[in-house]
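Reading through the structure tokens given below for one structure.
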Amino acid sequence: MNEKMKGDKNDMGKVAIYPGSFDPLTYGHIDIVERALEIFDKVILAIAHDAEKKSLFTVEERVEMAKMIFKDSPNLIVDSFKGLLVTYVEKTNAKVLLRGLRATSDFEYEFHMASMNRSLSTHLDTLFMMTSKDYFFVSSRTIKEVAKLGGTVEGLVPDLVARRLKEKFKLPVAKKRLIGWDD
Ligand code: PNS
């Protein structure tokens, strides 16, 4: 459990858990977090250890990137979990799981997951937020594919993520010039 989550769980106000692989985090995810922070007192970004799928970034790398990206959002807590999501949720005082929906194609997977979680923990609800129109085509999977093939993902993921993707795929990372362009 994250340091910020220790102490009296009831002190945290209205808490939502936003679970996912976040491999990597995109502006679509960030948009959901920002909108959720308008509704909830705290949002916990719960990053799943690799369960079935092999992730590109280790859970430590994903947690570190998320902490850097949300360093100025004190009400966003970055944490990770292993095993069943409902078991993790029971350790917090959250009653709401948050998921983004991009298109109807997401619905079936999300419906099954929400129904299974609800059956495992009857006091837990899943709240869906529609992804903003600017990001409805953005997914971690397509971001990785485009980045791997050398395409640009700028504007779709934070610069830190774009840089880390290039490093992972051993693509040249533009070096910041410390001196002027004319020399
Ligand atoms: O970003 P993703 O990959 O769609 O997130 C899926 C995630 C991690 C939320 C889901 O796979 C999950 O909750 N995994 C933990 C295992 C679990 O609780 N499974 C039962 C829910 S169907």
Side-chain angles (χ1 to χ4, degrees), residues 1-55 57-136 138-141 158:
M1 181 153 303
N2 187 298
E3 275 303 305
K4 284 197 235 172
M5 293 157 68
K6 289 190 181 144
D8 186 354
K9 290 193 297 185
N10 300 320
D11 284 350
M12 288 180 67
K14 274 206 189 96
V15 183
I17 297 200
Y18 183 21
S21 305
F22 305 109
D23 182 43
L25 204 65
T26 70
Y27 277 137
H29 299 129
I30 293 170
D31 169 65
I32 298 282
V33 167
E34 284 172 353
R35 285 157 56 206
L37 284 172
E38 303 278 326
I39 304 170
F40 295 95
D41 298 309
K42 294 257 189 273
V43 173
I44 300 173
L45 188 89
I47 303 181
H49 279 247
D50 303 335
E52 286 173 21
K53 43 187 179 182
K54 180 89 193 79
S55 61
F57 292 97
T58 65
V59 72
E60 291 80 14
E61 288 170 329
R62 286 176 279 150
V63 165
E64 186 231 352
M65 281 191 277
K67 283 189 175 165
M68 287 172 80
I69 288 160
F70 290 111
K71 66 178 176 1
D72 297 324
S73 303
N75 295 329
L76 186 279
I77 297 167
V78 179
D79 199 15
S80 62
F81 72 98
K82 243 187 206 152
L84 271 185
L85 176 60
V86 292
T87 310
Y88 168 77
V89 176
E90 274 159 20
K91 294 183 202 147
T92 71
N93 68 340
K95 295 192 173 37
V96 175
L97 288 174
L98 195 65
R99 293 282 291 174
L101 269 187
R102 282 164 305 198
T104 46
S105 50
D106 283 345
F107 179 78
E108 201 166 316
Y109 168 62
E110 293 297 338
F111 176 69
H112 283 129
M113 198 157 65
S115 306
M116 178 56 84
N117 285 331
R118 177 89 180 158
S119 129
L120 292 168
S121 180
T122 48
H123 53 268
L124 194 60
D125 255 304
T126 303
L127 182 79
F128 293 102
M129 291 180 86
M130 296 307 296
T131 300
S132 293
K133 63 175 177 26
D134 295 341
Y135 305 119
F136 74 87
V138 178
S139 72
S140 298
R141 188 179 61 78

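For reference, positions follow the sequence shown, starting with 1.
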Distance-minimising heavy-atom pair for [X] and [Y]:
{"X": "Ser139", "Y": "Arg102", "answer": "CB-NH1, 2.7 Å"}
{"X": "Ser80", "Y": "His49", "answer": "OG-NE2, 3.8 Å"}
{"X": "Leu98", "Y": "Ile32", "answer": "CD2-CG2, 4.1 Å"}
{"X": "Val59", "Y": "Ala48", "answer": "CG2-O, 4.2 Å"}
{"X": "Gly100", "Y": "Glu110", "answer": "O-OE2, 4.4 Å"}
{"X": "Ala46", "Y": "Tyr88", "answer": "CB-CE2, 3.7 Å"}

With side chains defined as the heavy atoms from C-beta onward, is the minimum distance between [X] and [Y] less than 4.5 Å?
{"X": "Tyr109", "Y": "Arg99", "answer": "yes"}
{"X": "Asn75", "Y": "Phe40", "answer": "no"}
{"X": "Asp31", "Y": "Arg35", "answer": "yes"}
{"X": "Met113", "Y": "Thr126", "answer": "no"}
{"X": "Leu97", "Y": "Asn117", "answer": "yes"}
{"X": "Leu25", "Y": "Met65", "answer": "no"}
{"X": "Pro158", "Y": "Ile30", "answer": "yes"}

Roughly how far, to the nearest 0.5 Å, is the [atom2] atom of [Y] from the [atom1] atom of [X]?
{"X": "Leu76", "Y": "Lys71", "atom1": "CG", "atom2": "NZ", "value": "13.0 Å"}
{"X": "Thr131", "Y": "Met129", "atom1": "OG1", "atom2": "CE", "value": "9.5 Å"}
{"X": "Ser119", "Y": "Leu124", "atom1": "OG", "atom2": "CG", "value": "11.0 Å"}
{"X": "Phe107", "Y": "His112", "atom1": "CZ", "atom2": "NE2", "value": "9.0 Å"}
{"X": "Thr26", "Y": "Tyr135", "atom1": "OG1", "atom2": "OH", "value": "8.5 Å"}
{"X": "Lys42", "Y": "Ile17", "atom1": "NZ", "atom2": "CD1", "value": "13.5 Å"}

Relative to the ring of Tyr18, is the ring of Phe22 parallel (under 30°), tilted (30 to 60°) or perpendicular (over 60°)?
-> perpendicular

Residues Ser140 and Asp23: side-chain donor-acceptor under 3.5 angstrom | no

So with a 6.0 Å cut-off around CE of Met130, is the heavy-atom count from everything else above 12?
-> yes

Is the backbone of Asp134 close enough, under 3.5 Å, to the side chain of Ser132 for a donor and an acceptor to pair up by distance?
-> no

Cationic N near anionic O, under 4.0 Å, Asp125 to Arg118 | yes

